[in-house]
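Numbers for residues simply follow the sequence, beginning at 1.
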Amino acid sequence: MSSTVKNASSESLMSRLPGSQPPKTSAAPVAAASSRRLVSLDAYRGFIMLLLAANGFGIARLASLPESAPIWNILDRGIWTNIGWYFHHPEWISQFHRYGVSPWDLIQPAFMFMVGVAMPFSFARRESSGQSDFSRHMHALIRAVVLILLGVFLQSASRDATNWTFVNVLSQIGLGYFFVYLMLPLRWGWQVVAIGLILIGYGLFFKVYDLPANYDFKAVAATPETVFQGAWKPWSKNANIAHQVDLRLLNALPRDEEFLRNQGGYVTLNFIPSMATMLLGVLCGRLLIGPTSPWRKFGILLLMAAVTYGLGIAAGETICPIVKRIWTPSWTLFSGGYVIAMLALFYLLFDLLPLRKLAFPLVVIGVNSLLMYMMGQLIRGWTAGRVEAHFGGLIERVLPGAFDSQMWGALVAPISAMIVFWLIAYWLYRQRIFLRV
């Protein structure tokens with residue numbers, strides 16, 4: 001993953017990927033097209049990072065305030081409770097009313113999907129700069145290792161010892177990144193086959209696990225809502241084969257205490273089906289860098305979104321439940337439909353319609369997405385505290401109760417931190433400084 005990805009020559013990439021033919025156009029139009037950066041990609045990344053770094057603007061925290069909180073004398077608690085649901089991860093099943101999804105559940109798949117979208121552009125840029133195959137392979141491998149370790153570092157930030165766990169989004173990207181990179185030169189048809197094999201194989205891997213009859217669900221933080229019966233039983237919370245793998249893997253690593261469960265039910269092996277999510281991004285990246293006309297690209301993106309979403313719904317009805325926390329195959333397709341549709345929307349707004357300038361605030365974040373994510377994970381609370389210390393009096397005059405945790409504080413703290421982060425990103429943008437891995 002990189003915080004910036006140049007739109008390298010589409011002719012170079014298409015000639016490099018087996019089964020692809022370079023566009024039959026003159027060199028001048030190709031150069032002109034390749035020099036025009038796709039604003040939609042940076043804006044999409046920026047939108048994801050905006051939500052993550054600002055922790056959903058504190059809306060979920062506001063919605064969780066007790067009924068006695070004085071803020072409800074001003075705001076309608078019922079309305080904000082309903083809004084707050086969209087900024088929560090559901091306890092287990094990720095769909096509601098059969099066809100809907102919590103937008104907060106889409107943040108991680110969108111993040112991983114955009115890594116895949118960026119890979120064809122990165123491949124083309126590095127190939128056109130004359131890098132050898134060995135150099136590109138080593139770069140991809142080192143990037144994968146760094147991302148894994150960054151994820152472990154973030155999971156260990158509040159501990160006295162290294163917390164060897166790999167469910168953070170950066171670790172998940174890193175675990176699958178090099179394998180997806182190796183599949184990048186395949187024809188698009190073989191990449192589709194790879195997606196199918198990953199999802200079918202992973203589904204069968206879960207399906208063959210037989211849960212012991214005397215399994216203690218309470219010991220692993222499972223509830224009746226997270227434990228399935230019948231054919232879906234292998235996908236129960238902390239009562240599945242991937243959880244058993246974590247018990248062996250994580251306890252084989254240095255730990256200050258024995259690993260017994262992940263409270264949320266997340267598992268290391270989520271990186272396997274999430275490689276399919278990244279491959280969906282690769283397919284979309286190949287489409288966007290290719291010679292197809294822009295409006296046709298938009299139409300193909302919509303078709304891909306509809307087909308993927310439909311397959312996800314069908315799989316969720318017949319094969320396995322749609323659960324984001326263990327990245328079931330049905331979730332991969334279900335969420336894939338949403339994130340591809342989001343890309344199509346951003347491509348329409350910022351690359352097809354004359355609205356590029358409106359994307360600028362998001363682009364500033366998107367080109368330094370890794371930095372924004374790290375700041376949001378590590379110093380959001382500290383930054384909000386510095387804003388209160390230095391500007392709290394002024395802000396309180398304009399908005400009484402701005403930093404009161406039972407009033408506006410739930411919103412003001414993350415928003416004020418996000419404003420500081422954006423200003424830092426804007427300064428870096430002006431200096432052309434971008435954090436890369």
Do you know the tightest heavy-atom contact between [X] and [Y]?
| X | Y | result |
| --- | --- | --- |
| Ala118 | Arg45 | CB-NH1, 4.2 Å |
| Ile322 | Gln95 | CD1-OE1, 3.4 Å |
| Pro273 | Ile198 | CA-CG2, 4.0 Å |
| Leu343 | Cys284 | CD2-CB, 3.8 Å |
| Trp164 | Val152 | CE3-CG1, 3.9 Å |
| Met372 | Ala425 | SD-CB, 3.8 Å |

Kindly state each residue pair satisfying salt bridge (charged side-chain N to carboxylate O under 4.0 Å, His left out) with at least one member in residues 249-274, sequence neighbours excluded. none

Pairs touching residues 148-167 that satisfy salt bridge (charged side-chain N to carboxylate O under 4.0 Å, His left out), sequence neighbours left out: none

Please list, one pair per line, the donor and acceptor atoms closer than 3.5 Å that link side chains of residues 403-415 to other protein atoms, with sequence neighbours excluded.
unit_1 : atom_1 : unit_2 : atom_2 : d
Asp404 : OD1    : Gln406 : N      : 2.9

Is there side-chain contact between [X] and [Y], with at least one heavy-atom pair below 4.5 Å?
| X | Y | result |
| --- | --- | --- |
| Ile300 | Lys297 | no |
| Leu170 | Leu370 | yes |
| Trp295 | Leu348 | yes |
| Asn168 | Phe153 | no |
| Trp80 | Leu65 | no |
| Arg386 | Ile379 | no |

Just list the side-chain donor-acceptor pairs under 3.5 Å for residues 311-319, sequence neighbours left out, or say none.
unit_1 : atom_1 : unit_2 : atom_2 : d
Glu317 : OE2    : Arg98  : NE     : 3.4
Thr318 : OG1    : Ala314 : O      : 2.8

Hey, is the main chain of [Y] close enough, under 3.5 Å, to the side chain of [X] for a donor-acceptor pair?
| X | Y | result |
| --- | --- | --- |
| Arg325 | Pro90 | yes |
| Asp351 | Val39 | yes |
| Ser40 | Phe350 | no |
| Asn368 | Ile433 | yes |

On the ring face of Phe123, is Arg125 found with NZ or CZ under 6.0 Å from the centre and within 45° of the axis?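 Ring-cation test returns no.
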
[X]: what forms a side chain to side chain donor-acceptor pair (under 3.5 Å) with it, not counting sequence neighbours?
| X | answer |
| --- | --- |
| Tyr86 | none |
| Tyr44 | none |
| Ser330 | Thr328 |

For residues Ser274 and Thr277, is any side-chain donor paired with an opposing acceptor at under 3.5 Å?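 No - no donor-acceptor pair under 3.5 Å links their side chains.
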
Compile the donor-acceptor pairs under 3.5 Å between side chains in residues 333-342 and protein atoms, sequence neighbours left out, one pair per line.
unit_1 : atom_1 : unit_2 : atom_2 : d
Ser335 : OG     : Trp331 : O      : 2.7
Ser335 : OG     : Thr332 : O      : 3.4
Tyr338 : OH     : Tyr99  : O      : 2.9

Under 3.5 Å, which donor-acceptor pairs link side chains of residues 232-242 to any protein atom two or more places apart or in another chain?
unit_1 : atom_1 : unit_2 : atom_2 : d
Ser236 : OG     : Phe228 : N      : 2.9
Ser236 : OG     : Lys233 : O      : 2.9
Lys237 : NZ     : Ala221 : O      : 3.1
Lys237 : NZ     : Gln263 : O      : 2.8
Asn238 : ND2    : Val220 : O      : 2.8
Asn238 : ND2    : Asn262 : O      : 3.0
Asn240 : OD1    : Ala242 : N      : 3.2
Asn240 : OD1    : His243 : N      : 2.8
Asn240 : ND2    : Ser236 : O      : 2.8

Pair Ile326-Trp92, side-chain contact (heavy atoms from CB on, under 4.5 Å): steps then yes or no: CA-CA 9 Å; Ile326 51 174; Trp92 199 243; 3.8 Å; yes

Under the side chain to side chain donor-acceptor pair (under 3.5 Å) rule, what pairs show up with a residue in residues 105-121, not counting sequence neighbours?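 Non-adjacent pairs meeting side chain to side chain donor-acceptor pair (under 3.5 Å): His89-Asp105, Ser94-Asp105, Gln108-Lys324.
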
Show your reasoning for whether side-chain contact (heavy atoms from CB on, under 4.5 Å) applies to Val245 and Thr268. CA-CA 8 Å; Val245 170; Thr268 301; over 6 Å; no

Full working for ring-ring contact (aromatic ring centres under 6.0 Å, His included) between Tyr202 and Trp327: CA-CA 10 Å; Tyr202 196 67; Trp327 220 277; over 10 Å; no

Run the numbers on Met375 and Leu371 for side-chain contact (heavy atoms from CB on, under 4.5 Å), then give the verdict. CA-CA 6 Å; Met375 289 195 298; Leu371 174 66; 4.1 Å; yes

Which residues satisfy the side chain to side chain contact (heavy atoms under 4.5 Å, CB included) test with Ala417, sequence neighbours excluded? Arg380, Thr383, Ala384, Phe421

Is it true that, when you exclude Tyr209 itself, more than 12 heavy atoms of the residues, nucleotides or ligands shown sit nearer than 6.0 Å to its OH? yes

Within 6.0 Å of CZ in Phe47, more than 12 heavy atoms from elsewhere: no

Output for pair (Gln191 CD, Leu280 CG), nearest 0.5 Å, gives 10.5 Å

Test side-chain contact (heavy atoms from CB on, under 4.5 Å) on Arg436 and Arg143; report intermediate values, then the result. CA-CA 9 Å; Arg436 304 185 184 195; Arg143 174 179 286 181; 5.9 Å; no

Residue list, ring pair (Phe, Tyr, Trp, His ring centres under 6.0 Å) with Phe166, at least two apart or on another chain: none

